[in-house]
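Contents: one structure, followed by commentary.
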Amino acid sequence: MTLGKKTVGKSKVSRGLKKKTLTKARKNGTTSKEKKVEYAPRTSTIPDTSKLVIGDNLTYKQLCDLLKVQVKTGNSKKPQTEDWLRYFDYEKNGTRYLITDVYDEPLEKEYKYPSNAIYIKYIEALLLSMLSSTEGNKIIISPGELYRCLGMVNAKYDIIYKLESSDRVKALQDVHEQLTDFDISNFFNRCRTKFTKVVKSAFDSLQRRMLIKYSTEYEFFVYEEDEQTHETLFKSYIANSDQIEYILRVRREALLKCGCDNEVQVYLKKKEQTYYKIVNNRFKKERNWYGVHKIYVINYCRDTSIQALQQDQLTLQRYGLNEALINFLDEQARRNYKKTAALPRYGNEFRYSDSYADLQEVLSYELLNLDSNKKEPILLEIKDLYDNDKWIDLL
C-alpha cells in the first residue's frame, strides 16, 4: 500500500545511491586513475525523502546516501540527525535507523518533535512511586500492565488489543458504525510506537541517574502438573539465552515468510495475524509453549528521598500523562489526514478517508481516556464472541 507519496512494503535496506567508476587511461601514457562519479552527490543540507520508505532499517551512511546529504562526523552528526526529525520519524536501534513515519511537508523548526520530556516527567514520578511502594527491589511487568498502571490507557485497551482483527471490529461496532479494521489497526500501531518510545526514554533517564537498572526479556507460558496436588497449573518462565535464541530464530523466519524485514513492516502490511499465527503455532508444536511475550525486568535502588505519591497526587499525574498522550495522538492523526488530503488526485495513490481523524479521536477516547469508564457494553460484546476459558484469558 502507499502512505502519502511513499510506497509501503518493499524493503530497501540494501539501497544506496548507485555509483559507477570510470577508468580513463591518460593518452600520454601516465598511470591511469579511477574517477568515482556519483549520480546524486551528497551536497545538500535538506534531506530528500522521496525514496524513503516507512519500515526501512538503514545504517547512518545508507541513510545519508538515500537522503542525498553529507556524511557528518563528531559533534556535527547529532544536530543533523535531530533535524531529520522535522522530515521523518525514526527509532534508533544500535547503529541503524528504523523509519516509522515520513512527512510530506517538514515540520516548522520551532516545532520540537518528538519532545518526550513532558511524558518522561509523568512516567518517572509514577514509576518511582510504584517502585517505592513495592516490597523487594525488583519488579517484572508486561508493557500492557505498565501502561495501565501509569494511566496511559484505560481498562478496555489491552482487551481489544488482544482480539483478532475481525473481532475488534465486531466489539467496537457500537462505538461507531464506520470503524474499519484499518482504522483500529492504524490506531494501535501509532499507540504502540509512541508508548514504546516514551517508556524507553523514561527508563533510560532513570537508569542514567542510577535509580533503576532495566532490561527487556521474553516470558513464555506452559501448562504443568503440580507434583503434590496433581492439578494442572498455568505457569510462566523467563527465557534463558538458549530459549531467546530459539524465539528470535522463529520470529525471524516468520518475518521472512511474511515478506517483511522487521515487525514495523508486519503491521504496515497488515500481516500481524499471519505473522503471530506462524510464530504461536511453532511455539506450541515445537516447545509446548502457550504464548511468548516481552516483559520489563526492573531492578531499583531504594532512595529514601523518594516517597510514594499520595492518592490525589497519583491521580493527577496519571491524568496528566493520559491527556498529553491523547493530545499527541489526536494531533498526529490530523496531520496524517491533512498530508494525504492535499495530494493531487491521480486515482491510485493512498489517502486517508475524510472521517479518518474523527474516528481516530473516537478510538483514543474509548480506549485511552481514563474518564471513558463505560466499558460494560464493549466487554459484553466481546464476551459473546468467546467461550468462558478464552474470555478469562483475555481478562
Are the side chain of [X] and the backbone of [Y] linked by a donor-acceptor contact shorter than 3.5 Å?
{"X": "Lys271", "Y": "Val266", "answer": "no"}
{"X": "Tyr300", "Y": "Leu131", "answer": "yes"}
{"X": "Thr229", "Y": "Asp226", "answer": "no"}
{"X": "Arg148", "Y": "Tyr157", "answer": "no"}
{"X": "Ser133", "Y": "Ser129", "answer": "yes"}
{"X": "Ser185", "Y": "Phe182", "answer": "no"}
{"X": "Arg249", "Y": "Ile244", "answer": "no"}
{"X": "Lys61", "Y": "Val71", "answer": "no"}
{"X": "Ser205", "Y": "Ala202", "answer": "no"}
{"X": "Asn281", "Y": "Lys277", "answer": "yes"}

Would you check if there is a donor-acceptor pair between the side chains of [Y] and [X] at a distance under 3.5 Å?
{"X": "Asp371", "Y": "Tyr319", "result": "yes"}
{"X": "Glu224", "Y": "Thr232", "result": "no"}
{"X": "Gln62", "Y": "Thr59", "result": "yes"}
{"X": "Thr196", "Y": "Arg192", "result": "no"}
{"X": "Ser142", "Y": "Lys294", "result": "no"}
{"X": "Thr180", "Y": "Asp183", "result": "yes"}
{"X": "Asn369", "Y": "Ser372", "result": "no"}

Q: I would like to know whether Cys191 and Leu368 meet side chain to side chain contact (heavy atoms under 4.5 Å, CB included); could you show each step before the answer?
A: CA-CA 10 Å; Cys191 287; Leu368 302 183; 4.2 Å; yes
Between [atom1] of [X] and [atom2] of [Y], what distance do you get to the nearest 0.5 Å?
{"X": "Leu255", "Y": "Cys260", "atom1": "CG", "atom2": "SG", "value": "6.5 Å"}
{"X": "Asp48", "Y": "Lys68", "atom1": "CG", "atom2": "NZ", "value": "4.5 Å"}
{"X": "Lys338", "Y": "Arg334", "atom1": "NZ", "atom2": "CZ", "value": "7.5 Å"}
{"X": "Ile123", "Y": "Leu126", "atom1": "CD1", "atom2": "CG", "value": "8.0 Å"}
{"X": "Glu91", "Y": "Asn57", "atom1": "CD", "atom2": "CG", "value": "9.5 Å"}
{"X": "Asn240", "Y": "Tyr218", "atom1": "CG", "atom2": "OH", "value": "14.0 Å"}

Under 4.5 Å between side-chain heavy atoms, counting indirect links through other Ile/Leu/Val/Met/Phe/Trp/Tyr residues: same cluster for [X] and [Y] or not?
{"X": "Ile212", "Y": "Ile238", "answer": "no"}
{"X": "Leu179", "Y": "Leu163", "answer": "yes"}
{"X": "Ile295", "Y": "Tyr276", "answer": "no"}
{"X": "Leu211", "Y": "Met130", "answer": "yes"}
{"X": "Ile46", "Y": "Tyr90", "answer": "yes"}

Under a 4.0 Å threshold between the charged nitrogen and the carboxylate oxygen, would [Y] count as salt-bridged to [X]?
{"X": "Asp261", "Y": "Arg252", "answer": "yes"}
{"X": "Lys200", "Y": "Asp204", "answer": "yes"}
{"X": "Lys162", "Y": "Asp158", "answer": "yes"}
{"X": "Lys197", "Y": "Asp89", "answer": "yes"}

Taking the cut-offs as 6.0 angstrom to the six-membered ring centre and 45 degrees off its axis, would you call [X] and [Y] a cation-pi pair?
{"X": "Lys235", "Y": "Tyr223", "result": "no"}
{"X": "Lys77", "Y": "Tyr60", "result": "yes"}
{"X": "Arg168", "Y": "Tyr161", "result": "yes"}
{"X": "Lys194", "Y": "Phe328", "result": "yes"}

Are there more than 12 heavy atoms of other residues, nucleotides or ligands under 6.0 Å from atom [atom1] of [X]?
{"X": "Asn75", "atom1": "CG", "answer": "no"}
{"X": "Glu323", "atom1": "CD", "answer": "no"}
{"X": "Glu286", "atom1": "CD", "answer": "yes"}
{"X": "Lys285", "atom1": "NZ", "answer": "no"}

(Q) Which residue is it: Arg251, Glu253, Arg287? I am looking for the one with a side-chain contact (heavy atoms from CB on, under 4.5 Å) to Arg282. (A) Glu253
pair [X]-[Y]: side-chain heavy atoms closer than 4.5 Å:
{"X": "His293", "Y": "Phe220", "value": "no"}
{"X": "Tyr122", "Y": "Asn322", "value": "no"}
{"X": "Met152", "Y": "Val199", "value": "yes"}
{"X": "Phe88", "Y": "Ile99", "value": "yes"}
{"X": "Asn262", "Y": "Gln265", "value": "yes"}
{"X": "Gln80", "Y": "Val69", "value": "yes"}
{"X": "Leu329", "Y": "Gln360", "value": "no"}
{"X": "Leu363", "Y": "Leu172", "value": "yes"}

**Q.** Derivation and outcome, side chain to side chain contact (heavy atoms under 4.5 Å, CB included), residues Thr49 and Leu67
**A.** CA-CA 6 Å; Thr49 60; Leu67 298 173; 4.1 Å; yes
Q) Taking only residues two or more places apart in sequence or in another chain, which ones pass ring pair (Phe, Tyr, Trp, His ring centres under 6.0 Å) with Tyr214? A) Phe203
Q | Any residue meeting ring pair (Phe, Tyr, Trp, His ring centres under 6.0 Å) with His176, in chain and number order, not counting sequence neighbours | A | none
Q.
Tyr356 vs Asn186, test: side chain to side chain contact (heavy atoms under 4.5 Å, CB included). Steps then yes/no.
A. CA-CA 10 Å; Tyr356 167 77; Asn186 182 268; 2.6 Å; yes
Q: Describe, in one word, how the ring planes of Tyr246 and Phe283 are oriented to each other, choosing from parallel (under 30°), tilted (30 to 60°) and perpendicular (over 60°).
A: tilted
Q: Quick one: do Glu263 and Tyr275 satisfy side-chain hydrogen bond (donor to acceptor under 3.5 Å, both in side chains)? Show the steps, please.
A: CA-CA 9 Å; Glu263 288 189 340; Tyr275 170 72; 2.9 Å; yes
**Q.** Verdict with supporting geometry, Trp289 and Lys284, side chain to side chain contact (heavy atoms under 4.5 Å, CB included)
**A.** CA-CA 5 Å; Trp289 292 352; Lys284 186 176 180 180; over 6 Å; no
